[in-house]
Every structure is written in structure tokens, then in C-alpha cells.
Asks: 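Dropping the structure in here first, questions after.
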Number of protein chains: 2
Amino acid sequence: MADASATRTKILNACRTLLESDAGAATRMSDVAKAAGVSRQAVYLHFKTRAELLIALTRHIDSVEDVDDRLAASRAATGLDRLDAFIDAWGGYIPVIYPVGRALMAMAPGDDAARLAWEDRMTAMRQGCEAAVRALESVGALKDALTLETGTDMLWTLLSVRNWEALVETCGWDQSRYITDMKALSRAYLCKTDNHG
Amino acid sequence: MADASATRTKILNACRTLLESDAGAATRMSDVAKAAGVSRQAVYLHFKTRAELLIALTRHIDSVEDVDDRLAASRAATGLDRLDAFIDAWGGYIPVIYPVGRALMAMAPGDDAARLAWEDRMTAMRQGCEAAVRALESVGALKDALTLETGTDMLWTLLSVRNWEALVETCGWDQSRYITDMKALSRAYLCKTDNHG
DNA sequence: GCGTCACTTGACGCAGTGTAAAGTTTACAC
DNA sequence: GTGTAAACTTTACACTGCGTCAAGTGACGC
């Protein structure tokens with residue numbers, strides 16, 4: 001018999017590879033099984049549903065890619081630096097989770113489990129936005145017209161995966177320009193004009 | 001026998017009403033048929049596929065809601081006014097097409113016809129963005145660091161239906177705040193700082 | 001040898017889209 | 001009134017992809 005956790009990992013890696021390929025969004029359970037070299041039923045043995053597989057994959061990627069380490073740097077920064085550091089961290093992580101995120105977003109309208117899982121992630125990301133806006137507020141850099149909540153709503157929207165998709169995937173921006181311009185955009189909206197160029 | 005074009009309109013209106021209801025995104029062909037008071041096959045008699053029905057609905061809404069009139073005002077404006085006028089026009093139109101747009105976006109990953117139709121619309125909207133950025137450029141209000149294309153890419157992204165969805169549907173902003181803040185955001189990113197407050 | 005765990009095989013139920021074919025109703029023509 | 005044609009109904013079915021079920025196989029521990 002095979003090692004169960006090894007098979008599980010094989011399935012997760014196969015699924016990730018497929019999702020990262022061109023037609024990744026259309027990846028079916030049978031494709032995953034074939035790519036992993038197991039039967040379709042073996043996939044269901046490890047993951048009850050397609051949504052559960054994708055959700056498990058996000059966690060798998062998180063641990064493999066050290067998401068916590070990436071975000072640690074942004075938590076150390078203060079004032080305007082915190083905004084930049086957060087955009088570096090989150091913006092740099094988007095391309096990593098994008099393939100599976102895209103699949104989860106695609107099934108979200110019709111699948112509560114997928115929708116909730118993705119919403120949870122986006123809610124967690126919102127905490128980072130709020131912390132960055134709070135950091136601006138605490139050094140008096142936040143525009144007077146903005147509240148913590150309004151600023152957070154907008155930053156959370158600007159840094160959405162959909163916007164990354166639009167700029168990088170659709171418009172063909174490269175990742176570094178995305179980061180640079182998102183920083184400029186966020187600062188232009190959130191910060192008093194006398195606090196930046 | 002019934003009037004074919006009357007039945008067609010009945011189907012389109014029923015479909016629109018369903019899409020505008022709470023669980024609109026999940027609207028099936030059989031739901032549309034039932035709501036229109038015709039058989040499921042009658043729907044297929046008028047629209048070969050679900051995608052075709054949704055695409056026809058966007059056109060139907062365009063004509064009923066006078067989309068051309070809405071955009072005419074923005075084409076008349078110049079300089080900074082053109083940006084505001086375009087955001088008023090397009091931003092005001094998003095809530096109108098959102099229900100059917102959401103359905104089209106949901107099926108886009110797996111349906112070429114739906115994807116292409118939605119992309120076409122977004123490409124048309126991009127023309128408006130480009131015209132607005134060009135208007136800024138022509139009065140010397142565009143930031144030196146920005147090109148026409150970069151500015152257009154970003155404005156097109158900022159004014160996406162997804163961002164309206166995030167702010168209005170998810171964050172609960174009201175429509176007028178969405179418009180106001182989008183204008184502020186766009187100006188903050190696109191315009192030289194000495195051209196606005 | 002015996003059980004058990006991981007997995008395979010093949011079949012099936014289900015939902016929703018789309019197709020096919022035969023029948024019904026209405027209108028209009030002559 | 002008979003004929004015909006268009007709009008629509010009814011019933012049935014094919015297809016895809018998800019998820020389930022049940023019986024079978026192979027390896028390993030004891």
C-alpha cells in the first residue's frame with residue numbers, strides 16, 4: 001500500500017500544477033487524478049469535494065510558500081512604510097495564490113464552501129489593510145476626509161486579486177510595475193498630499 | 001399563435017427580473033421559462049444558448065436604459081470635467097447592467113461566447129477611459145510619470161464592475177459615495193497635484 | 001494466515017444545458 | 001372549409017462533471 005499522506009501531497013501538487021497551466025480554471029477532478037497518477041476515487045478519498053481540495057490547496061501553498069514570513073516584515077513597519085511593506089508582502093503573494101484563487105472565485109457563485117473559504121481569506125487580508133491605514137492615521141498622514149473604515153474599504157478593494165488580474169494578466173503589466181503603481185495609487189488616495197511627492 | 005417578438009421580450013424581462021433578485025446569479029433556463037410563462041423549449045427557440053440569452057439581455061437593457069444618451073454627456077466634456085463626466089456616466093450605468101454582468105462573468109471561465117461578449121463590453125468601456133485620460137493629457141493635467149496607456153489601464157481597472165461590486169455590494173457603500181470617491185481616487189492617481197485640491 | 005489500510009474498478013444518481021421529434025394552437029390564404 | 005405555416009408545448013434523451021456506492025485487489029503488520 002502507499003503512504004496516505006504522500007498520496008495526498010501528490011494530489012495537491014498535481015492540482016496546483018494543473019491550475020497554474022494555461023487552461024487551469026477548467027481543471028476537473030478527473031484531470032487532477034490523472035495528473036497525480038491515482039484513480040478519480042482516490043482523490044475523493046482524500047478530499048470530499050472539489051471545493052475542499054481547492055481549500056486544502058490554499059493551505060498547502062501557504063505552508064510551502066511561507067506566507068507568515070512574508071507578512072511578518074509588514075507588521076514590523078510603521079507610518080507610511082507600513083503601507084509600502086504591506087503592498088510588497090500581499091502584492092507579492094497574489095501571483096502565488098492566484099491560480100487556485102481563480103478556481104475558487106470561479107466556483108464561488110454556486111458553492112457556499114468555496115465562497116466562504118475565499119471570503120475568509122479576503123477578510124484576513126482586510127486586517128492587513130486596516131492595520132496599514134491605522135498606521136497612517138497614527139502618524140497623522142491619513143487624509144482628513146477619510147475615516148479608518150472608508151480608507152480600509154478602498155485599500156482592500158484596490159489590492160483585490162481581481163485588480164491584480166486586470167493589470168497583470170489582462171493589461172500585461174509586469175509584477176514590479178504593479179507593486180510600484182499600487183503603492184503610488186494607494187498613497188495618492190489615502191495620504192495627505194504634503195506627505196509625499 | 002403568439003407574437004414572436006412579444007414572447008422574446010417577455011423572456012428577456014423575466015430573465016432580467018430574476019437576475020436582479022437575491023439569488024439571481026444562479027438563474028437557470030427553466031427558471032426563466034417559468035417566470036416568463038412559457039415552456040423551457042420556447043426559451044431555446046428564441047435563444048440558442050444561455051450565453052446568447054444573457055448577451056441579448058445586455059443589448060435589451062442598453063436600448064431600454066438609453067446607454068447612448070448617458071454616455072453622450074461625457075463625450076461633450078473636456079479636460080478634468082471629462083473624467084468626472086465619464087465616471088458619472090459609466091459609474092451610474094454599472095448598477096443597471098450589474099445583475100446580467102454578474103451572470104456573464106460567472107459563466108465566462110467556462111464559456112467562450114460569454115467571455116468574449118463581456119470582454120467586448122469592457123473593451124468598449126476602455127475607450128471611454130482612454131478618451132478621459134487623453135482629455136487630461138491634452139490640457140497638461142496628466143502626471144508626467146504616466147503615459148496614456150498606463151493611465152488608461154489603471155482607470156479601466158479602477159472603474160471595473162468588480163470594484164463597484166466590492167465597494168457597493170460587499171462594503172455597503174452607497175452609489176453616490178462610490179461615484180464621489182472614484183472621482184477622487186482617479187484624480188489622485190492621474191492628475192498632477194497642483195491641478196486639484 | 002488474517003485483518004486492515006490505501007487504493008482501484010465500474011456502476012450509478014443528480015443537476016443543468018442543449019437537442020430531437022411529434023403534437024397543438026392560432027392565424028391567415030384561397 | 002381546407003391547407004399551410006409559424007409559434008409554441010410536451011416528452012424524451014444525450015452529455016458533462018460532481019459526488020456516491022460497493023465490491024475487489026495488493027501490501028504490510030502481527
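If you're wondering where the values come from, they're calculated on a predicted model, not measured in any experiment. Each chain gets a letter, A, B and so on, in the order the sequences are listed, and its residues count up from 1.
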Asks: Taking CG from B:Leu54 and P from C:dT17, how many angstroms apart are they, rounded to a whole number?
Replies: 10 Å
Asks: Can you tell me the pairing partner of D:dG29 across any strand shown, Watson-Crick or G-U wobble, with both distances under 3.5 angstrom?
Replies: C:dC2
Asks: Whole angstrom is fine here: how far is it from CG in B:Leu53 over to C1' in C:dG16?
Replies: 15 Å
Asks: Tell me: NZ of B:Lys34 to P of D:dT10, nearest whole Å?
Replies: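 One finds 13 Å between P of D:dT10 and NZ of B:Lys34, rounded.
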Asks: Between the side chains of A:Asp88 and A:Arg70, is the shortest nitrogen-to-carboxylate-oxygen separation below 4.0 Å, so that they form an ion pair?
Replies: no
Asks: Would you say the side-chain atoms of B:Asp66 pair up with the backbone N or O of B:Asp68, donor to acceptor, closer than 3.5 Å?
Replies: no
Asks: Regarding A:Glu137 and A:Arg134, does a basic nitrogen lie under 4.0 Å from an acidic carboxylate oxygen?
Replies: no
Asks: Whole Å only: how far is the CG atom of A:Asp111 from the C1' atom of D:dG17?
Replies: 13 Å
Asks: How is B:Arg40 classified with respect to the nucleic acid when contacts are heavy atoms under 4.0 Å: base, sugar-phosphate, or nothing?
Replies: base
Asks: Choosing from D:dT9, D:dG19, C:dT8, which nucleotide comes nearest the side chain of B:Val38?
Replies: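 Of D:dT9, D:dG19, C:dT8, D:dT9 is nearest to the side chain of B:Val38.
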Asks: For B:Met107 and C:dT17, what is the distance between atoms CE and C1' respectively, to the nearest whole Å?
Replies: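 Atom-to-atom, B:Met107 to C:dT17, this comes out as 9 Å.
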Asks: Given atom OH of B:Tyr44 and atom C1' of D:dA12, what is their separation to the nearest angstrom?
Replies: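 Whole-Å distance recorded here is 15 Å.
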Asks: What nucleotide among D:dG19, D:dC8, C:dG18 has an atom nearest to a side-chain atom of B:Leu45?
Replies: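 For the B:Leu45 side chain, the nearest candidate turns out to be D:dC8.
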Asks: Any salt bridge (Lys or Arg N to Asp or Glu O under 4.0 Å) pairs touching residues 33-62 of chain B, not counting sequence neighbours?
Replies: B:Asp62-B:Arg121
Asks: With the side chain of A:Arg28 defined as its heavy atoms from C-beta on, choose the nearest nucleotide among D:dT9, D:dA7, D:dC18.
Replies: D:dC18
Asks: To the nearest Å, how far apart are A:Met29 CE and D:dT20 C1'?
Replies: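 Going from A:Met29 (CE) to D:dT20 (C1'), I get 12 Å.
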Asks: Is there a donor and acceptor pair closer than 3.5 Å between the side chain of B:Gln41 and the base of D:dT10?
Replies: no
Asks: Under 4.0 Å between a side-chain N or O of B:His46 and OP1 or OP2 of D:dA7?
Replies: no
Asks: Write down the distance between CZ (A:Arg8) and C1' (C:dC5), rounded to a whole number of angstrom.
Replies: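 That distance rounds to 17 Å.
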Asks: Report yes or no: does A:Thr123 contribute a side-chain atom to a donor-acceptor pair with the main-chain N or O of A:Glu119 at less than 3.5 Å?
Replies: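 Checked: pair present.
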